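Inspection log for the structure reproduced underneath, given as structure tokens.
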4 protein chains.
Amino acid sequence: MSDEPAFQTPVTIQKPKQQRSIARYHHILDTAATMFVRHGYEQVGTNQIAAEAGVSVGSLYRFFSDKEAVVDALAERYIEGITARLPDVFPPGVPMPDLVGGMLSGLFIFARDNPAFDHLLTTTQTGAVARASVRMHLTIEAWVARMLSHYHPHLSEPQRQLCAASGMGIVKGMMTMAHPPDSVPFEVVQREMVSALMAYVGSFVARNPPG
Amino acid sequence: MSDEPAFQTPVTIQKPKQQRSIARYHHILDTAATMFVRHGYEQVGTNQIAAEAGVSVGSLYRFFSDKEAVVDALAERYIEGITARLPDVFPPGVPMPDLVGGMLSGLFIFARDNPAFDHLLTTTQTGAVARASVRMHLTIEAWVARMLSHYHPHLSEPQRQLCAASGMGIVKGMMTMAHPPDSVPFEVVQREMVSALMAYVGSFVARNPPG
Amino acid sequence: MSDEPAFQTPVTIQKPKQQRSIARYHHILDTAATMFVRHGYEQVGTNQIAAEAGVSVGSLYRFFSDKEAVVDALAERYIEGITARLPDVFPPGVPMPDLVGGMLSGLFIFARDNPAFDHLLTTTQTGAVARASVRMHLTIEAWVARMLSHYHPHLSEPQRQLCAASGMGIVKGMMTMAHPPDSVPFEVVQREMVSALMAYVGSFVARNPPG
Amino acid sequence: MSDEPAFQTPVTIQKPKQQRSIARYHHILDTAATMFVRHGYEQVGTNQIAAEAGVSVGSLYRFFSDKEAVVDALAERYIEGITARLPDVFPPGVPMPDLVGGMLSGLFIFARDNPAFDHLLTTTQTGAVARASVRMHLTIEAWVARMLSHYHPHLSEPQRQLCAASGMGIVKGMMTMAHPPDSVPFEVVQREMVSALMAYVGSFVARNPPG
DNA sequence: TATGAATGAGTATTCATTCAT
DNA sequence: AATGAATGAATACTCATTCAT
């Protein structure tokens, strides 16, 4: 007749420490990433992911508390990945086009190795996917803002924010060119993107001069 | 939701001919559009749309063969709308920035009157939503390509295609700036978008000179 | 990119008003009652109930928001039933044994017609079932307390409460005699129950005399 | 959880012979008992029991063939416990109220030391829990019947059975008074229970006189 | 022997679609 | 034509049980 509510989870969900578990964890995540890109987050079931990954649903739920946790983990992985590839400091003497070019080069390599990266970054969906996307967006945007204040220290905070936001818009928008219906080759996209960004920043600075 | 131009059959089950039917059809579509924007296509049920629109599910299914047909019809409506607003011929003597500015101005007004327009245009989803998005994308892109060949007739077909695709990427990417997390005011987005586009096209032409 | 939470349920769950619906509603409830008695609340699935009742799960969920709502409805039905059978006022001149006998007689008839009634009343489970049980328990107990204050007005409030609680214990405990392993016939149970109650109340009043 | 008397095999997979094993076995059982009372048999998982007991699920399954075996073992333990506390022979000269009082006193102490005892005895559930409950019920009922034939040898076998069954009903029913929603203190319950039992038996004997 | 990761059948619940009224 | 009750396949998630280490 008593009625205590649920108690502590018997088996805590956690990132695995053992070799075997780590492999499984990443394998599931990779499988999920591929499927999300191919069919869309909503269309992919946890049972399907597990089956495709060759594990049981139970195993999936050992690593991920629920379906949303899968996208969250994906975003986290991507945020770590790009953070590691984005330079912390800006070495003096490097011209901005070179830096931006190098940065985008790294981004494209990362995107090619992680199929769901740009899908997640450029999505406009709601819910968990949106939250994941926003986290990734803000991570990169913050870096862009820092870079802008390095090269154009005279820009005010709002100016820098706006320019960074526009840059993100250009990057994200042009990334989708690589997919249907345009299907522009990655290298070409990258080249045009650098041009577009540099041209835009140039015009932005011209329109917002020092003093 | 603004005055819609002449009616033309989308993928509906039957053309509503009666006054009442036409009103119903549009009302359902308007309701669906609002709900899709607010909660996302996957999160919105046909029963919910019908309830919110104040009609029965049965009525909804009288106009739309299935849920996908709703997005299809929405896309069709938007394609008609922008087609009507995009000039068929390019009057001589109008400088490109003015034309692009005018076109974007019209686009933004249309987007403001049709809440799901940019949502659908900029989505990266799969399935029916993606197909709807692609149709809209190609419609605008074709116009952009024609405009480019008007102002820069020396560009080869592939060059024109690439430039148009990039332009579309910039437009779509920067449109999302108006929404969280950046939430840049529409007018600002529009202004920056013109700059970005003109700067990009300028650099593109410079890199792809005649001869 | 927006993300509004869930909105109003499109089809509200409600007790049906139409003839057909009412029949369905009660049929599902009857089926569920029988199955709960036979296999236990936890062991019976909503799909099973629906199948056994010859309707679809969807129909079940049209009437009941979730599985708990089924027990709740059952309890409500039973509470209404016994409330209707419990006299509101105590006519003067009726000796207590007669009144208690009559009351128990009604209770047993009701229990015979509603197989899950005593199962639910006498359960000691947790959760929704417990809550349903408690509601039924308190309904009857309140009546018993009122009856006690009618026949033995000198009893203090706590005394009346205790005596009523004990009475409920005796009633509930002895009701289970009708089921295995004892399987005592209902009439016999009823007869012994009246004896036990009268004997107990007699001893209680003797131990708690007026003044 | 009180000192348990001599060990005897329940439905376990194997008798734990080693000191360590015996300790583990009892510890798991104690843990399970507490959890069953607090959350209900169905709500408690084997993994949870093991985790709470600080052992692995595998260890739990070494001692118990399945989840049902845990309740079975619990019942067995309780049956042993009360059997040891119920006098085998009835010393002459002890009045029935004293004997009953003493017996209930022992029962309440046992119940206080073994939290799941009355929970299991008074449950009306199906399945394994019901079977465990019935075994405990019959054990005590047999003793009551023997006691009745000691004090009232003239009662026929069926009369004795009926009176014993009623007594069990009263005991079990009134035991639940100690829990919500009545929450009567244990001592009070015990006192009222003796009264109720003696009053009932008195009335029963009066209604079933010798000859 | 002990461990706890892995399994997968099973459960509650939703929602696109149909069709009798 | 319109309605909305009814359908049932599909989905996220749980948990008793096994077995390789």
Side-chain angles (χ1 to χ4, degrees), chain A residues 6 9-12 16 18 20-21 24 42-51 54-70, chain B residues 14 16 18 20-21 24 42-51 55-70, chain C residues 6 9-12 16 18 20-21 24-25 42-51 54-70, chain D residues 14 16 18 20-21 24 42-51 54-70:
Chain A
T9 318
V11 181
T12 318
Q18 307 303 322
R20 278 286 292 269
S21 289
R24 259 175 174 242
E42 308 280 357
Q43 301 305 323
V44 175
T46 49
N47 286 286
Q48 288 175 49
I49 296 172
V55 303
S56 65
V57 225
S59 288
L60 187 152
Y61 279 93
R62 168 162 293 290
F63 297 123
F64 306 99
S65 61
D66 54 16
K67 198 184 167 189
E68 301 206 343
V70 180
Chain B
Q14 76 166 64
Q18 311 302 324
R20 282 284 289 267
S21 287
R24 273 187 160 225
E42 308 282 355
Q43 303 306 322
V44 175
T46 48
N47 284 285
Q48 286 173 345
I49 296 172
V55 304
S56 66
V57 227
S59 288
L60 186 152
Y61 275 91
R62 174 151 295 285
F63 295 121
F64 306 98
S65 62
D66 54 19
K67 197 184 169 189
E68 302 206 341
V70 180
Chain C
T9 317
V11 180
T12 317
Q18 307 303 323
R20 278 286 293 269
S21 289
R24 260 177 174 242
Y25 174 86
E42 308 281 356
Q43 300 305 322
V44 176
T46 49
N47 285 283
Q48 288 174 48
I49 296 172
V55 302
S56 65
V57 225
S59 288
L60 187 152
Y61 278 93
R62 168 161 293 288
F63 297 123
F64 306 99
S65 61
D66 55 16
K67 198 183 166 189
E68 301 206 344
V70 180
Chain D
Q14 76 167 61
Q18 311 304 323
R20 281 284 291 266
S21 288
R24 270 184 162 228
E42 308 281 357
Q43 303 306 323
V44 175
T46 49
N47 284 285
Q48 286 173 345
I49 296 172
V55 302
S56 66
V57 227
S59 288
L60 186 151
Y61 276 90
R62 175 151 293 287
F63 294 122
F64 306 99
S65 62
D66 54 18
K67 196 183 169 189
E68 302 206 341
V70 180

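Scope of the values below: all heavy atoms of this structure, side chains included, with no hydrogens, waters or symmetry mates. Sequence lines set the chain letters: A, B, ... in the order given, protein chains first and strands last, and positions in each chain run from 1. In this text, all values refer to a predicted model and were calculated from it rather than measured experimentally.
For DNA chain F, each stem of at least three Watson-Crick or G-U pairs (distances under 3.5 Å) is given as range with range: E:2-21 with F:2-21.
The nearest pair of heavy atoms linking D:Leu60 to D:Ala50 is CD1-N, 4.0 Å. A pairwise comparison of heavy atoms in C:Lys67 and C:Val44 identifies NZ-O, 2.9 Å as the closest pair.
An OP1 or OP2 oxygen of F:dA6 is reached within less than 4.0 angstrom by no side-chain nitrogen or oxygen of C:Ser56. For F:dG8, neither phosphate oxygen OP1 nor OP2 lies less than 4.0 angstrom from any side-chain nitrogen or oxygen of C:Arg62. In this structure, A:Arg24 does not reach the E:dA5 phosphate: none of its side-chain N or O atoms is under 4.0 Å from OP1 or OP2.
Listed by chain and residue number, nothing satisfies the side-chain hydrogen bond (donor to acceptor under 3.5 Å, both in side chains) test with C:Gln48 (two or more places apart in sequence, or in another chain). The side-chain contact (heavy atoms from CB on, under 4.5 Å) check on C:Ala69 picks up C:Phe64, C:Ser65, C:Asp66, with sequence neighbours excluded. Legend: residues meeting side-chain hydrogen bond (donor to acceptor under 3.5 Å, both in side chains) with A:Thr46, ordered by chain and number and at least two apart, are A:Tyr61.
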Contact state string [nucleotides 13-21 of chain F, B base, S sugar-phosphate only, - no protein heavy atom under 4.0 Å]: BB-BBB---

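Distance C:Leu60 CG to E:dT14 P: 12 Å, rounded to the nearest Å. Distance CD1 (B:Ile49) to C1' (E:dC15): 12 Å, rounded to an integer number of Å.
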